[in-house]
Amino acid sequence: MTVPLLDLQAQYQPLRQPLLDALTRVADSQRFIMGPEVDAFEREVAQVVDVRHAIGVSSGTDALLAALMALGVGPGDEVVTSTFSFFATAGAIARVGARPVLVDIDPDSFNIDVVAAARACTARTKVLLPVHLFGQAADMSAVLALADEYKLLVIEDAAQAIGATDHGGKVGGIGQLGCFSFFPSKNLGAFGDAGLVTTNDDELAHKVRLLRNHGMEPKYHHALIGGNFRLDAIQAAVLRVKLPHLTDWTEGRRRNAAQYRALFADTDLQDQVRLPFERDDRFHIYNQFVIRATDRDGLKAHLDAAGIGTEIYYPVPFHRQACFAHLGYTPAQFPHAEQAAAEVLALPIYPELTIDQQRYVVETIAAYYRK
Ligand SMILES: *Cc1c(COP(=O)(O)O)cnc(C)c1O
């Protein structure tokens, strides 16, 4: 048996015809830039995320960039974020000329430690940028309380978390701006790169709309300096076919997570494997099912040899990246992120995964530690 980390064919095959029809529709229209597909997708996805405004952009990275630009973040500003995320989170902050202020994670959730974030705030802090890592919301009530205390703005990196909630509130609509990615491995994946900015603020929505198209309004008049952050009509058309299935796919991932918990409960791996922490008040959408494992690298090699795909998200926290050496951090400042980087391993969790495949994954892990 082989178990890939992600099997996009399993999602594609049953939707092949409507997806190809959507591509044909755009090809036949020859309208590739903006237009009705993008407009319709924005309306439809705004309902799903439960926000007033959804603005399609070219990627999750560009969503973060446009959001930071819309808030006027630049040189002299500090943006507080977690050191343990995909690179784009910190990269976008640095690209607008601001300083990424890195803080450690809460070891249970892998999300930003808001107490550490409070200690990191200075007079130059402008934005808090929590990440909803692996599909589980950060502690947004604490983030909002901190933002309120220091008069900070909040951008949510919800790239991995479409549909996740914190105390019933959908991520992406809790802070001033939310950023999503439709990279193919995210829960809602395009046929390439695509992203989204969400907000409930009319003025910010207008600004993001301008920024994604060179700050242009009307044509050839530029009040702002933006970029080309537009969402392709082809990607919008693909996403419109997939969007109605998102709830089912999320349920599939959550069912698989519950099944892993039941399967691991029947093993005696409590000392070797720690399962992801799930809270009742946060709806986890399991973009990744990330365990902590002793002798993680040995386990990963054993699973690779057994035909089971896994991945390490993320082996090198931001504070150890060469491009951020000038920030002057040391690993000792981030013990929880360091420990996570050494222990984490993402197991296959995609919706179409079968119970037999999951059994094989858990049995293979158990066999490794019996050796
Ligand atoms: C995927 C991801 C991004 C970037 O999204 P792209 O669409 O790949 O540019 C940003 N932040 C996080 C946490 C991500 O997982």
Side-chain angles (χ1 to χ4, degrees), residues 5-6 8 41 45 49 54-69 79-96 100 102-103 105-106 109-112 127-138 140 143 154-164 171-172 174-175 177-198 208 212 227-232 234-236 238-239 242 253 276 284-290 311-318 321 324 337 340-341 344 346 349-350:
L5 180 63
L6 175 64
L8 287 175
F41 173 64
V45 77
V49 180
I55 301 117
V57 293
S58 34
S59 69
T61 303
D62 288 342
L64 288 163
L65 206 51
L68 287 160
M69 290 169 78
V79 178
V80 174
T81 195
S82 158
T83 189
F84 190 66
S85 175
F86 177 62
F87 179 75
T89 313
I93 298 167
R95 279 176 66 195
V96 297
L102 306 177
V103 301
I105 54 168
D106 158 43
S109 67
F110 300 112
N111 282 324
I112 192 164
V127 170
L128 298 175
L129 208 171
V131 183
H132 306 304
L133 204 66
F134 305 142
Q136 185 177 42
M140 291 308 290
V143 167
V154 176
I155 297 174
E156 299 172 63
D157 184 340
Q160 301 182 1
I162 188 165
V171 303
I174 303 172
L177 290 156
C179 301
F180 293 86
S181 166
F182 305 120
F183 185 81
S185 69
K186 304 296 161 86
N187 285 26
L188 180 65
F191 279 7
D193 284 304
L196 189 78
V197 179
T198 53
V208 172
R212 80 165 158 190
N228 174 359
F229 308 140
R230 295 182 300 256
L231 172 67
D232 277 329
I234 283 199
Q235 301 301 351
V238 165
L239 291 165
K242 290 191 174 197
R253 287 171 181 271
H284 196 325
I285 61 142
Y286 288 104
N287 179 240
Q288 301 296 341
F289 187 86
V290 175
E311 193 52 83
I312 299 166
Y313 302 118
Y314 295 91
V316 186
F318 297 156
Q321 296 293 346
F324 292 139
V344 289
I349 189 71
Y350 61 89

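Ligands are counted one by one from 1 in listed order, and the atoms in each one are counted from 1 as well. Atom set for the values below is all heavy atoms of this structure, side chains included, hydrogens, waters and symmetry mates excluded.
Here the shortest heavy-atom distance to atom 13 (C) of ligand 1, taken over Leu65, Asp157, Leu133, belongs to Asp157. Residue Lys186 holds the heavy atom nearest to atom 2 (C) of ligand 1 of all those in His132, Lys186, Gln160.
With hydrogens and angles disregarded, no donor-acceptor distance shorter than 3.5 Å links the side chain of Asp157 to the backbone of Leu64. In this structure, Glu156 contributes its side chain and Pro130 its backbone to no donor-acceptor pair below 3.5 Å.
Contacts of Ser59 with ligand 1, taken as heavy-atom pairs under 4.0 Å, involve both backbone and side chain. Counting heavy atoms under 4.0 Å from ligand 1, residue Val131 touches it through the side chain alone.
Taking the ring centroids of Tyr313 and Phe110, they lie at or beyond the 6.0 Å cut-off.
Between the side chains of Asn287 and Asn187, at least one donor N or O lies within less than 3.5 Å of an accepting N or O.
Rounding to the nearest 0.5 Å gives a distance of 4.5 Å between CZ of Phe318 and OG of Ser85.
In terms of N/O distances under 3.5 Å, ligand 1 is approached by Gly60.
Using bins of under 30°, 30° to 60° and over 60° for the plane-to-plane angle, the ring pair Phe134/Tyr314 lands in the parallel bin.
Within the structure, ligand 1 has Ser85 among the residues with a heavy atom less than 4.0 angstrom away.
The single protein non-hydrogen atom nearest to atom 9 (O) of ligand 1 is Thr61 OG1, 2.5 Å, given as residue, atom name and distance. With hydrogens left out, the protein atom closest to atom 7 (O) of ligand 1 is Ser181 OG, 2.6 Å, a heavy atom.
A 4.5 Å side-chain heavy-atom check between Gln160 and Val131 finds every atom pair outside the cut-off.
Within the listing of ligand 1, atoms 4 (C), 10 (C) sit less than 4.0 angstrom from a heavy atom of Ala88.
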